[in-house]
Amino acid sequence: MNILVTGGAGYIGSHVCLSLLDAGYNITVIDDLSSGQKKLIPDKVEFIQANINDTNKLNKLFQKKSFNTLMHFAGFVQVEESVKFPEKYFNNNTKNATILFETCINNGLKNIIFSSTAAVYGNPNKELIHEGATLNPLNPYGESKVQTENKLIKMQKNNNFNYIILRYFNVAGADPKLRSGLISKKPTHLIKIASQAAIGKLNSVTIFGNDYNTHDGTAIRDYIHVSDLADIHVKSLEYILEKKQSKILNCGYGKGYSVKEVLDTLNRVCNNKIYIKYGNRRSGDAVSLVSNTNQLMKTISWTPKYNDLETILKTSIKWENKIQNEKIL
Ligand code: UFG
């Protein structure tokens with residue numbers, strides 16, 4: 001079965017390629033390598049360097065091969081950048097994504113699995129967020145994803161296809177076999193930064209705000225291991241193929257950790273190597289984002305394998321060591 005994957009050279013896309021290959025699917029990756037890394041695309045994958053809005057290239061591809069499902073990962077993901085350059089986000093994450101969906105549907109594709117984000121919820125005042133919660137994004141990145149979700153939902157009403165929208169919470173860690181992981185020139189993610197500190201690449205980690213209304217004053221997130229998230233994609237694919245139904249699913253473990261807890265756990269794992277500083281809140285940050293996973297668990301038969309913060313951190317540190325030793329970046 002042929003699966004079309006956009007953004008397969010990126011962090012999450014490359015992990016999903018590994019899981020799809022392990023499950024026996026054939027993959028064609030489309031990636032313009034604007035932020036992805038060619039070395040993260042597994043060998044067994046057909047790779048086409050193109051932007052998702054390149055309708056000519058896509059039409060030619062569909063003439064040559066028939067695809068069962070599109071998994072759409074390609075997109076910009078930096079919240080701060082989206083505030084500075086909102087057009088970049090609406091152009092790529094919404095407009096180009098819509099062109100891609102149209103091209104695929106016009107070519108008879110029947111299933112779309114779309115990468116969305118918990119950023120669509122904004123700053124909800126709830127302990128556990130369910131999929132029906134009000135969407136109130138705090139930045140253009142989240143807004144671009146809301147708009148794309150809405151386009152997809154609308155298109156499905158007028159066309160013969162199904163979608164699964166996956167709203168990722170905080171994705172972290174690396175493939176336990178270290179075949180892939182996060183590569184980033186200017187990392188902003190807490191666990192990436194903390195792992196760089198753990199291997200001595202950074203001197204300290206700053207906690208952005210310790211005056212939030214939480215048990216220790218620092219912000220709370222639901223960290224999910226990237227390989228478990230990849231498995232959610234394989235299970236979602238099985239679901240959409242079998243049930244032929246559309247769904248929106250939160251992707252997290254349903255357990256929150258504060259920034260302080262993440263760093264304390266890391267210090268336990270790496271013998272207190274990290275020096276913690278306190279700074280101001282980062283603008284646009286939510287207080288707490290933790291998923292209600294009822295819908296996810298009810299819909300797909302997924303059993304997480306790495307739902308343990310230490311495991312997430314250890315794989316992340318191992319990956320950081322690997323890319324440092326191999327001078328990747
Ligand atoms: N943080 C620090 N210090 C740092 C980096 C981060 O204290 O050096 C804090 C942040 O302020 C935040 C928490 O750690 O409270 C997590 O921050 P990340 O940057 O790791 O992740 P975000 O929650 O900001 O955003 C991520 C993705 C989004 C996604 C969101 C969903 O980048 O795309 O998770 O929860 F929408």
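For the numbers below, each heavy atom of this structure counts, side chains included, while hydrogens, waters and symmetry mates do not. Start at 1 and go down the list; that is how both ligands and their atoms are numbered. Predicted, not measured: the structure shown is a model, and the values here were computed from it.
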Flag the pair [X] / [Y] as yes when their ring centroid distance falls below 6.0 Å, and as no otherwise.
X    : Y    : result
F62  : F67  : yes
F73  : H233 : yes
H189 : Y11  : no

At a 4.0 Å threshold, what atoms of ligand 1 neighbour a non-hydrogen atom of [X]?
X    : answer
V259 : 7 (O), 9 (C), 13 (C), 14 (O), 15 (O)
A219 : 15 (O)
L289 : 35 (O)
A119 : 36 (F)

Identify which of [options] has a heavy atom lying nearest to [atom].
atom                    : options                : result
atom 31 (C) of ligand 1 : T218, N170, V290       : N170
atom 24 (O) of ligand 1 : R282, R167, H189, R221 : R282
atom 3 (N) of ligand 1  : D222, L263, I207, T206 : T206
atom 6 (C) of ligand 1  : L138, T214, V120, L190 : L190

Is it true that T188 lies under 4.0 Å from ligand 1, counting heavy atoms only?
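Yes, that is the case, since the closest heavy atom of the residue is under 4.0 Å from the ligand.
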
Short N/O distance, under 3.5 Å, between A118 and ligand 1?
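No: no nitrogen or oxygen of A118 is under 3.5 Å from one in ligand 1.
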
Hey, are [Y] and [X] close enough side-chain-wise for a donor-acceptor pair under 3.5 Å?
X    : Y    : answer
H215 : E261 : yes
Y253 : D228 : yes
Y121 : N250 : yes

Thinking salt bridges, do E149 and K145 make one under a 4.0 Å N-O criterion?
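A salt bridge is absent here (no side-chain N lies under 4.0 Å from a carboxylate O).
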
Do the charged groups of K65 and E46 touch, with an N to O distance under 4.0 Å?
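Yes, charged N to carboxylate O under 4.0 Å.
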
Taking non-hydrogen atoms only, is Y223 closer than 4.0 angstrom to ligand 1 via side chain, backbone, both or neither?
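Only the side chain of Y223 comes within reach of ligand 1.
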
